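Step one of this worksheet: look at the structure below.
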Amino acid sequence: MEYLFLALSISLSTVRTLLSKKLSRIEFGNKEFYIFQAIIFFTGAASLCIFGKPFPFYPSPMLFYAVIYGILLILAQWMYTAALSCGNTALCSTVYSMGFIIPTISGALFWSEKLNIFDIIGILFAILALIFLGKSKSNEKRIESGKYFIPLFISMLSAGGLGLVQKLQQKSDFSNQRGGFLLFSFIIAGFISLIFSFIKKNNAIKKSDKSSYFSAISIGFSFGCCNILNTLLAGILPSALFFPVLNIGVILTTTFISIIFMKEKTERKDYSVLICGILSIVFLTVL
């Protein structure tokens, strides 16, 4: 059953990326953008209520973690969507997946977890992937304008921050409140997105665009369920199996679909980013 859940998590993560690419046509900062982001997070909260067993939940320091996690959810999703608006889907997915390097390094800094030679090589491969990303000819203008590389880098750091806060929550005395912690995080992210939509008085939402509503709801459902499944699987499967299969699985399926079905152009240097990203994951989680 756990391998079925793992395959489902990979599928849902891929769906989230591909539909986020579709929703990225809405310009970042517009009223419409924030409304759809609110829909994503509130749908994610609804999925957590249905499948995540968030109750009973009582006031505790978990509320502080939930606020931090909610802010990181916003940065991860907002910036990831912004990067997808002008970036290659496969490359965005690869760089975003490398965010788990942050909890890996933090384990060595704060919890006396040792970094071996393979971990260091994995980190170097991640740095190489970012360097190759910057040298890709198709990305040069986008990087210079700050509309691609910067949001993607922030989304990667935020994704890593999510893993770090999850680790802090699981090592606390309130680890049994995992479901409630995730639920309140998504609700906080939804309300912040809604507040931003009220602040922006221009760019009214297009009522006729039903496909965007479907995409936002599907992204939210996928995002919420992935949080549930990944938290569950992290406690069942060995880390050396779970993390590489999940991250590499998402990268490969996203790459395949974006090239074959979405007809996205990929340069030779882009494959260097993909290869280095995959090698980084292998060295950090398998060897």
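Keep in mind that this is a model prediction, so the values were computed, not measured.
Residue R16 holds its CZ atom at 9.5 Å from OG of S93, rounded to the nearest 0.5 Å. Note that the CG atom of L152 and the OG1 atom of T94 stand 9.5 Å from one another [nearest 0.5 Å]. Between Q37 atom CD and S20 atom OG the span is 7.5 Å, to the nearest 0.5 Å. Distance check, rounded to the nearest 0.5 Å: CZ of F184 to CZ of F191 gives 11.0 Å. Taken from OG in S212 to CD in E32, the straight-line distance is 6.5 Å, to the nearest 0.5 Å.
Looking only at side-chain heavy atoms (C-beta outward), T81 and F36 stay at 4.5 Å or farther from each other.
More than 12 heavy atoms of other residues, nucleotides or ligands lie within 6.0 Å of CZ in F28, so this atom counts as buried by the packing criterion. Other residues, nucleotides and ligands contribute over 12 non-hydrogen atoms within 6.0 Å of the CD atom of E2.
Heavy-atom minimum distance, F41 versus L73: CZ-O, 3.6 Å. Minimum interatomic distance between M79 and P151 (heavy atoms only, all atoms of both residues): CB-O, 3.2 Å. The two atoms that bring A90 and L274 nearest to each other are O-CD2, 3.7 Å, heavy atoms only. Of all heavy-atom pairs between A76 and L162, the closest is CB-CD1, 4.2 Å. Contact detail for T255 and S258: the closest heavy-atom pair is O-OG, 3.0 Å. The shortest heavy-atom contact between K31 and F198 is NZ-CA, 4.2 Å.
Checking side-chain atoms of S24 against main-chain N and O of A82 turns up no donor-acceptor pair under 3.5 Å. Using modelled atom types, one side-chain atom of S197 and one backbone atom of L194 make a donor-acceptor pair closer than 3.5 Å. Listed for the T253 side chain is a donor-acceptor partner under 3.5 Å among the backbone atoms of V250. Side-chain atoms of K21 never come within 3.5 Å of backbone atoms of N88 as a donor-acceptor pair (strictly under, hydrogens ignored). Proximity of a side-chain donor or acceptor of S158 to a complementary backbone N or O of I154 within less than 3.5 Å is detected.
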For side-chain contact (heavy atoms from CB on, under 4.5 Å), just list the numbers for L128 and L279, CA-CA rounded to whole Å, side-chain angles, deciding distance to a tenth of an Å, and then say yes or no.
CA-CA 11 Å; L128 274 177; L279 287 174; over 6 Å; no
Given L252 and I278, is the side-chain contact (heavy atoms from CB on, under 4.5 Å) satisfied, shown in steps?
CA-CA 9 Å; L252 293 179; I278 291 173; 3.9 Å; yes
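Between F196 and W78, the ring planes are perpendicular. Angles over 60° get that label, and only those under 30° would be called parallel.
No hydrogens or angles considered: a donor-acceptor pair under 3.5 Å links the side chains of T17 and Y80.
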Show the atom names and distances, to 0.1 Å, of all donor-acceptor pairs under 3.5 Å that link a side chain in residues 215-228 to residues at least two apart or in another chain.
{"residue": "S215", "atom": "OG", "partner": "S211", "partner atom": "O", "Å": "3.0"}
{"residue": "S218", "atom": "OG", "partner": "F214", "partner atom": "O", "Å": "2.8"}
{"residue": "S222", "atom": "OG", "partner": "S218", "partner atom": "O", "Å": "2.8"}
{"residue": "N227", "atom": "OD1", "partner": "Y69", "partner atom": "OH", "Å": "2.8"}
{"residue": "N227", "atom": "ND2", "partner": "F223", "partner atom": "O", "Å": "2.9"}

